[in-house]
*Asks:* 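Right, I'll just put the structure down here and ask away after.
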Amino acid sequence: MFAVSFVPRTTPCRLSSAFLCHLSIPVALRLHHHYQQPHLASLSCQIRSLRKQIDMAARGDYGAVKQKVGGDSYEEALAALSSLITKRSRADKSNKGDRFELVFDYLKLLDLEEDISKMKVIHVAGTKGKGSTCAFTESILRNYGFRTGLFTSPHLIDVRERFRLDGVDISEEKFLGYFWWCYNRLKERTNEEIPMPTYFRFLALLAFKIFAAEEVDAAILEVGLGGKFDATNAVQKPVVCGISSLGYDHMEILGDTLGKIAGEKAGIFKLGVPAFTVPQPDEAMRVLEEKASELDVNLEVVQPLTARQLSGQKLGLDGEHQYLNARLAVSLASTWLQQIGKLEVPSLTQTSILPEQFIKGLATASLQGRAQVVPDQFIESQTSGDLVFYLDGAHSPESMEACAKWFSFAVKGDNQSESSEHLVNGSSGSSSHDQFSGEESCQQILLFNCMSVRDPDLLLPHLRNTCANYGVHFKKALFVPNMSVYHKVGTAADLPENDPQVDLSWQFTLQKVWEGLVHSEGGEGEEDRGKDGERSGNSEVFTSLPMAIKWLRDSVHESSSATRFQVLVTGSLHLVGDVLRLIRK
Ligand SMILES: Nc1ncnc2c1ncn2[C@@H]1O[C@H](COP(=O)(O)OP(=O)(O)OP(=O)(O)O)[C@@H](O)[C@H]1O
Ligand SMILES: [Mg+2]
Ligand SMILES: [Mg+2]
């Protein structure tokens with residue numbers, strides 16, 4: 001076993017020894033348990049990586065790394081990153097094709113062209129389920145002993161969530177090293193013709209840099225938006241492509257029909273590269289098939305995973321829709337394994353049990369803010385009540401339905417269970433239709449916001465009706481503005497205090513839609529109005545998220561009997577991220 005820490009005399013700036021430690025991988029420590037072949041392949045890979053890093057350091061390539069690592073420097077990096085955010089630049093249809101070509105210029109400026117051509121990429125596009133599919137795929141390959149890089153979007157709390165190495169968010173030190181390396185180099189080399197990349201493009205380039213320098217065996221890339229003109233589409237020869245569920249989202253950019261949307265997503269198909277997808281609406285499937293045949297792509301449609309294939313194990317991500325994402329991941333991972341790892345993967349029929357590494361990978365995959373259950377830590381133990389947050393970042397009509405279904409089953413499962421233990425474990429438990437005990441002592445509350453480009457007349461009825469169909473009726477809906485600011489990549493420290501000037505007109509619009517739904521269902525609203533002495537007991541607009549959470553906590557304290565408040569937080573991943581920041585502090 002050896003680990004090299006190398007500080008070149010020629011390096012113009014001081015690098016922290018911890019950072020250099022990260023760069024010099026303790027080669028023999030990297031044990032690959034399951035298969036001899038990946039073990040050897042990976043070992044030689046790491047030796048290459050080590051050599052390369054020593055070469056780079058000797059050449060002073062890390063000279064651009066900021067001297068100050070840690071402390072303010074992370075904030076500085078976030079500020080620099082924020083400066084790249086341009087509002088809706090992607091929506092500019094007229095020149096988006098031309099502008100996409102810039103991505104290749106950036107790769108040249110960053111000397112990444114060769115690295116990227118060698119990268120063993122799994123590329124995933126889709127309207128819903130991209131991130132989940134990528135997380136499952138990564139987890140499977142990691143369980144086979146491969147070194148993985150996972151790039152997903154968006155992030156919930158910290159931008160480093162977007163870059164995972166071997167299943168773990170990149171460390172702050174490594175992030176800073178690679179961040180400044182890319183940022184400073186681009187700053188030096190860009191000009192009027194080739195301006196600094198926009199925010200998402202920069203993040204994708206950074207992912208390429210990180211995965212190249214870290215010499216990952218597999219790079220799993222989630223498309224940011226669309227496919228054809230997405231920065232991740234700079235990859236010319238992925239190993240395999242996946243298209244998750246297609247639906248209506250980002251129509252202002254991708255087109256107003258499912259066919260057009262599918263065409264954009266199929267833009268990731270590459271000549272002769274196999275692809276997998278899930279059952280899609282006819283209009284979308286036709287386009288996918290057309291594009292596939294044009295490019296000689298073998299496109300296979302997969303069906304949801306069965307309980308038998310999982311040998312009774314639960315998936316790491318909850319909700320029925322995840323069985324489809326997981327099955328897509330199984331095909332992506334097994335194709336990758338066959339082509340790169342040269343492994344014989346057993347047949348994947350609906351009735352055969354998956355190999356152990358697949359099951360373990362699928363059972364342990366994780367992604368924050370997707371069907372996540374978090375009991376509130378701030379409720380004092382002496383209170384008889386209980387406050388549990390059910391968080392899911394759904395923000396399109398189809399995903400709202402998936403989310404509503406998950407929430408309905410989850411609250412029923414949790415209320416049925418005698419033990420509170422599995423709530424603490426963050427699992428939502430059973431998916432049974434049975435009546436739960438103690439139904440009277442549970443109240444479901446909705447905490448909602450969505451971006452104003454979304455259509456609440458679609459989202460809210462989907463949510464409310466699906467829940468109602470499964471016997472779950474919200475006692476109250478709370479509407480709040482997001483705390484994260486669009487033009488800033490913040491950290492927890494940035495959360496603004498309550499701002500009395502905040503514009504709540506969008507939240508009142510959402511409330512109006514909700515009230516419309518309540519009243520169209522009967523007189524229940526009128527009753528509540530009298531009882532609470534408020535304008536309406538069915539819904540409320542809060543000027544800030546902390547105020548809404550305070551209201552929830554106060555309500556638990558004030559409730560006379562032991563009431564469990566089950567709060568569904570949805571409509572926006574930003575909102576989900578904000579809630580997670582607040583309740584975990
Ligand atoms: N196959 C699916 N069908 C319908 N809804 C889904 C599906 N998979 C996930 N969802 C819903 O979409 C939400 C986001 O899931 P995920 O992060 O996997 O998708 P994504 O495509 O990466 O989304 P985003 O557009 O936010 O990047 C989930 O919380 C869930 O509500
Ligand atoms: Mg999206
Ligand atoms: Mg995503």
Side-chain angles (χ1 to χ4, degrees), residues 90 123-139 150-156 159 161-164 200 203-204 207 220-227 230 232 242-254 261 264-265 268 276-281 284 301-305 315-329 365-373 390-410 428 448 450-451 453-454 459 462-463 466-467 568-577 580:
R90 293 168 305 188
H123 199 190
V124 180
T127 308
K128 278 301 127 221
K130 301 180 290 294
S132 307
T133 302
C134 288
F136 282 129
T137 309
E138 183 281 328
S139 186
L150 172 66
F151 176 59
T152 57
S153 58
H155 66 270
L156 291 185
V159 71
E161 291 161 28
R162 295 175 186 243
F163 312 89
R164 286 197 209 169
F200 183 79
L203 293 177
I220 299 107
L221 306 179
E222 173 186 342
V223 163
L225 197 152
D230 189 77
T232 57
I243 308 275
S244 64
S245 291
L246 295 177
Y248 293 101
D249 201 13
H250 301 295
M251 276 115 83
E252 73 284 9
I253 299 165
L254 302 178
I261 293 171
E264 287 284 327
K265 313 272 179 188
I268 69 165
F276 294 87
T277 190
V278 298
Q280 308 280 8
V301 182
V302 301
Q303 301 298 326
L305 217 55
L315 291 173
L317 301 173
D318 216 359
E320 208 178 293
H321 53 286
Q322 293 297 1
Y323 285 83
L324 196 53
N325 299 332
R327 181 60 183 83
L328 183 57
S366 67
L367 198 58
Q368 281 198 97
R370 279 74 166 185
Q372 190 179 3
V373 185
Y390 295 75
L391 307 121
D392 188 83
H395 52 255
S396 71
E398 295 84 3
S399 61
M400 207 42 89
E401 208 170 305
C403 161
K405 213 163 156 184
W406 158 72
F407 176 67
S408 307
F409 286 138
S428 60
F448 189 93
C450 63
M451 276 163 58
V453 289
R454 316 261 178 227
L459 299 185
H462 263 294
L463 177 60
T466 309
C467 284
L568 174 62
V569 183
T570 192
S572 152
L573 265 168
H574 289 290
L575 175 68
V576 167
L580 279 171

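Read the numbers this way: they start at 1 and go in the same order the structure lists the ligands and their atoms.
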*Asks:* Measure the distance from atom 15 (O) of ligand 1 to every protein heavy atom, then report the residue, atom name and distance (to 0.1 Å) of the closest one.
*Replies:*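 Looking only at protein heavy atoms, the one closest to atom 15 (O) of ligand 1 is Arg370 CG, 3.9 Å.
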*Asks:* Look at atom 16 (P) of ligand 1 and say which protein heavy atom is nearest, naming residue and atom and giving the distance to 0.1 Å.
*Replies:*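 Looking at atom 16 (P) of ligand 1, the protein heavy atom closest to it is Ser132 OG, 3.6 Å.
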*Asks:* Would Ala371 count as being in polar contact with ligand 1, using the rule that some N or O on each side must be under 3.5 angstrom apart?
*Replies:*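 Such a contact does not occur with ligand 1.
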*Asks:* So is there a nitrogen or oxygen of Leu573 less than 3.5 Å from a nitrogen or oxygen in ligand 1?
*Replies:*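 Between Leu573 and ligand 1, no N or O pair is found under 3.5 Å apart.
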*Asks:* Using distance alone, determine whether Asp392 and ligand 1 share an N or O pair under 3.5 Å.
*Replies:*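 Checking ligand 1 against Asp392, an N or O pair does fall under 3.5 Å apart.
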*Asks:* Which residue and atom name correspond to the protein heavy atom nearest atom 26 (O) of ligand 1, and how close is it?
*Replies:*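 Sorting protein heavy atoms by distance from atom 26 (O) of ligand 1 puts His395 CE1, 3.2 Å first.
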*Asks:* Are the side chain of Arg327 and the backbone of Asn325 linked by a donor-acceptor contact shorter than 3.5 Å?
*Replies:*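 It does not hold such a pair.
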*Asks:* Considering the options Ser245, Ser132, Ser244, which one meets the side-chain contact (heavy atoms from CB on, under 4.5 Å) requirement together with Leu324?
*Replies:*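 It is Ser245, the one option of Ser245, Ser132, Ser244 that forms the side-chain contact (heavy atoms from CB on, under 4.5 Å) with Leu324.
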*Asks:* Just to confirm my output: which protein heavy-atom neighbour is closest to atom 9 (C) of ligand 1, and how far is it?
*Replies:*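 Result for atom 9 (C) of ligand 1: His321 CD2, 3.4 Å.
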*Asks:* What protein heavy atom is closest to atom 22 (O) of ligand 1, reported as residue, atom name and distance in Å?
*Replies:*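 The closest heavy atom on the protein side is Gly131 N, 2.8 Å.
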*Asks:* I'd like to check whether Ser153 has a polar contact with ligand 1, where a contact means an N/O of the residue lying under 3.5 Å from an N/O of the ligand.
*Replies:*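 Yes; the residue has a nitrogen or oxygen that sits under 3.5 Å from a nitrogen or oxygen of the ligand.
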*Asks:* For atom 12 (O) of ligand 1, what's the nearest protein heavy atom and its distance?
*Replies:*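 Checked against all protein heavy atoms, atom 12 (O) of ligand 1 sits closest to Lys128 CD, 3.0 Å.
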*Asks:* Between Tyr390 and Phe409, is the ring centroid distance below 6.0 Å?
*Replies:*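 That pair fails the under 6.0 Å test.
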*Asks:* Between ligand 1 and Gln322, is the shortest N or O to N or O distance under 3.5 Å?
*Replies:*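 Among all N and O atoms of Gln322, none is under 3.5 Å from an N or O of ligand 1.
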*Asks:* Report the name of the N/O/S atom of Glu222 located nearest to the Mg ion (ligand 3).
*Replies:*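 Closest to the Mg ion (ligand 3) among those atoms: OE2.
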